[in-house]
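Taking it in order: structure first as structure tokens, then the write-up.
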Amino acid sequence: MEKNGKRRAIVTGVGMYAPDKILDNAFFEKIVDTNDEWIRSRTGIIERRILENGATSDLATKAAEDLLKSINMSAEEIDAIIVATVTPDMFFPATACLVQNNIGAKNAWGFDLSAACSGFLFAFQTGCSLIESGRYKKVMVIGADKMTSIVDYTDRNNCILFGDAAAAVLLEPTEDESLGMQDSLLKVDGSGKDALYMLGGGSLNPPTHETVDKKMHYLYQDGKAVFKVAVKGMADISYDIMQKNNLTSDDIAYLVPHQANLRIIAATAERMGISKDKVMINIDRYGNTTAATIPLCLVEYYRNGKIKKGDKLILSAFGAGYTWGAIYLVWAI
Ligand code: COA
């Protein structure tokens with residue numbers, strides 16, 4: 001490493017896993033009072049994936065294995081694993097421990113990080129900090145959620161929105177300051193706790209027959225309230241990170257937005273002055289997979305040859321907490 005130069009964290013590998021089973025909008029027409037046109041026009045979602053057997057660690061493990069295979073790397077080389085999720089297999093042990101064991105990452109430590117739809121951004125920043133500290137050389141950051149495990153399939157407001165998936169990136173150091181993680185703006189505002197939550201199962205409401213009867217182990221969202229703050233929060237922070245780094249919309253190769261609602265994504269792109277063709281979208285095929293949406297976009301666009309070394313990307317998200325943020329990343333592979 002250069003003595004005076006900054007050490008940057010770059011993405012050197014990507015991997016993903018989405019279960020085969022598809023739930024299309026017609027499926028929801030059969031179980032709740034909704035229709036394909038409403039879902040498409042209000043959310044942009046056409047279908048989403050569901051993991052029928054298995055847990056979040058299985059999604060995360062498959063994404064990690066896909067990553068390792070694609071760059072021909074041994075799991076033993078990994079120093080740390082961070083799993084962003086709100087649907088861990090259990091409260092403990094951490095999903096990261098289960099993934100570590102599944103893939104045989106004998107030399108890694110790791111932990112889970114809970115920041116809902118902003119989870120990948122928070123985990124990415126954390127992973128980059130481990131690299132920038134000089135202490136770790138290979139950090140795997142995984143966004144994984146089995147959202148269908150906490151969705152109430154009688155609640156038409158929410159059941160149509162979510163799907164299951166996982167995606168992973170590998171972070172490594174570089175001396176080239178022009179590549180990798182350049183900047184981040186990350187925020188929390190706990191006053192948003194009443195608009196999007198899962199009340200049951202924690203120390204506040206330990207599981208009882210009553211908590212189950214009251215459906216407290218399902219996700220609750222006041223969609224309208226969240227929509228309003230999400231539109232402003234995601235658009236503002238994405239614009240702010242551009243300003244802070246003197247970026248114009250022409251400089252940016254892609255906006256990589258959290259995929260919660262196509263209308264929130266469009267509002268963010270508009271505020272940034274970014275045209276539609278420079279916005280990564282896959283909400284139509286996966287719905288909202290919470291911590292997995294952003295890395296899933298990165299994997300698909302990279303593998304389709306749509307991003308190249310040197311491309312400037314703005315990653316941005318908004319989620320429960322509230323949590324939100326934006327990251328300015330220069331692609332390095
Ligand atoms: N099918 C048909 N109608 C539905 C429906 C469905 N699946 N879900 C709700 N509706 C109805 C509502 O009951 C409401 O009817 P009413 O006017 O008679 O009360 C009407 O459609 C409009 O509901 P509204 O909540 O205003 O819709 P919306 O345009 O706000 O869209 C969401 C709803 C959930 C798609 C939208 O609010 C959203 O995306 N919210 C934010 C999600 C998000 O970003 N979360 C953060 C990260 S997870």
Side-chain angles (χ1 to χ4, degrees), residues 23-48 84-87 114-122 143-165 186-198 218-238 255-269 271 279 281-284 286-294 296-297 315-326:
L23 295 185
D24 59 13
N25 291 344
F27 168 83
F28 291 93
E29 289 178 353
K30 284 183 224 137
I31 61 166
V32 290
D33 181 12
T34 191
N35 59 76
D36 178 51
E37 202 283 318
W38 192 96
I39 300 173
R40 278 182 200 234
S41 61
R42 294 293 180 124
T43 70
I45 301 167
I46 297 172
E47 59 186 41
R48 61 301 274 148
T85 186
V86 286
T87 52
S114 171
C117 295
S118 310
F120 183 76
L121 295 191
F122 285 24
D145 270 300
K146 187 186 176 185
M147 292 306 291
T148 60
S149 67
I150 57 168
V151 162
D152 175 1
Y153 281 95
T154 64
D155 172 9
R156 71 170 180 173
N157 294 289
N158 290 310
C159 68
I160 53 144
L161 299 173
F162 296 97
D164 304 333
L186 303 174
K187 308 261 188 195
V188 301
D189 177 1
S191 69
K193 68 181 174 43
D194 298 325
L196 182 46
Y197 54 73
M198 192 179 90
Y218 291 130
L219 168 153
Y220 167 82
Q221 170 171 240
D222 177 348
K224 214 175 262 184
V226 176
F227 187 88
K228 266 189 206 154
V229 280
V231 162
K232 181 159 169 36
M234 210 163 120
D236 283 354
I237 207 148
S238 306
L255 165 65
V256 193
H258 170 55
Q259 314 274 311
N261 187 310
L262 202 51
R263 291 180 291 148
I264 299 175
I265 296 172
T268 303
R271 177 101 163 89
V279 182
I281 302 283
N282 61 18
I283 189 172
D284 50 329
Y286 299 113
N288 184 349
T289 57
T290 302
T293 61
I294 288 176
L296 212 54
C297 279
L315 285 47
S316 95
F318 191 96
Y322 296 120
T323 57
W324 71 107

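Remember, it's 1-based here, ligands and their atoms both numbered in the order they're listed. Everything numeric in this text was worked out from a predicted model, so none of it was measured.
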Among all protein non-hydrogen atoms, which one is nearest to [atom], and what is the separation to 0.1 Å?
atom	result
atom 40 (N) of ligand 1	G223 O, 3.1 Å
atom 6 (C) of ligand 1	T34 OG1, 3.2 Å
atom 10 (N) of ligand 1	W38 CZ2, 3.5 Å
atom 22 (C) of ligand 1	R42 NH1, 3.8 Å
atom 9 (C) of ligand 1	N157 OD1, 3.0 Å
atom 26 (O) of ligand 1	K224 CE, 2.8 Å
atom 48 (S) of ligand 1	C117 SG, 3.1 Å
atom 13 (O) of ligand 1	R156 NH2, 3.0 Å

My question is simple, although I want it checked carefully: is [atom] less than 4.0 angstrom from any protein heavy atom?
atom	result
atom 19 (O) of ligand 1	no
atom 16 (P) of ligand 1	no
atom 29 (O) of ligand 1	yes

Between [X] and [Y], what is the shortest heavy-atom contact and its length?
X	Y	value
P257	M234	CB-CE, 3.6 Å
S316	L255	OG-CD1, 4.1 Å
T87	S149	CG2-OG, 4.0 Å

Is there a polar contact, in the sense of an N or O pair closer than 3.5 Å, between [X] and ligand 1?
X	answer
N261	yes
I39	no
N288	no
Q221	yes
T43	no

Determine yes or no for a side-chain-to-main-chain donor-acceptor pair under 3.5 angstrom, with [X] supplying the side chain and [Y] the backbone.
X	Y	result
R156	T34	no
N288	L161	no
T85	A144	yes
E47	I45	no
N157	D222	no

List every atom of ligand 1 that sits less than 4.0 Å from any heavy atom of [X], numbering the atoms from 1 in the order shown and giving each element.
X	answer
R263	28 (P), 29 (O), 31 (O)
A260	43 (C), 44 (O)
D33	1 (N), 2 (C)

For this session: Ignoring hydrogens and angles, state whether a donor on the side chain of T289 or D145 is under 3.5 Å from an acceptor on the partner side chain.
Result: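 Checked: T289/D145 side chains show no N/O donor-acceptor pair below 3.5 Å.
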Problem set entry | Distance-only side-chain donor-acceptor flag, N35 / R40, under 3.5 Å |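 No.
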Exercise. For the residue pair F28 and Y153, does the interplanar ring angle fall in the parallel (under 30°), tilted (30 to 60°) or perpendicular (over 60°) class?
Worked result: parallel
Exercise. Nearest 0.5 Å, what's the OH-OG1 distance between Y218 and T154?
Worked result: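 The distance works out to 7.0 Å.
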Is it the side chain, the backbone, both or neither of [X] that has a heavy atom closer than 4.0 Å to ligand 1?
X	result
I264	side chain
F318	backbone
F227	both

Exercise. Is there side-chain contact between T293 and C117, with heavy atoms separated by less than 4.5 Å?
Worked result: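 Answer no - side chains too far apart.
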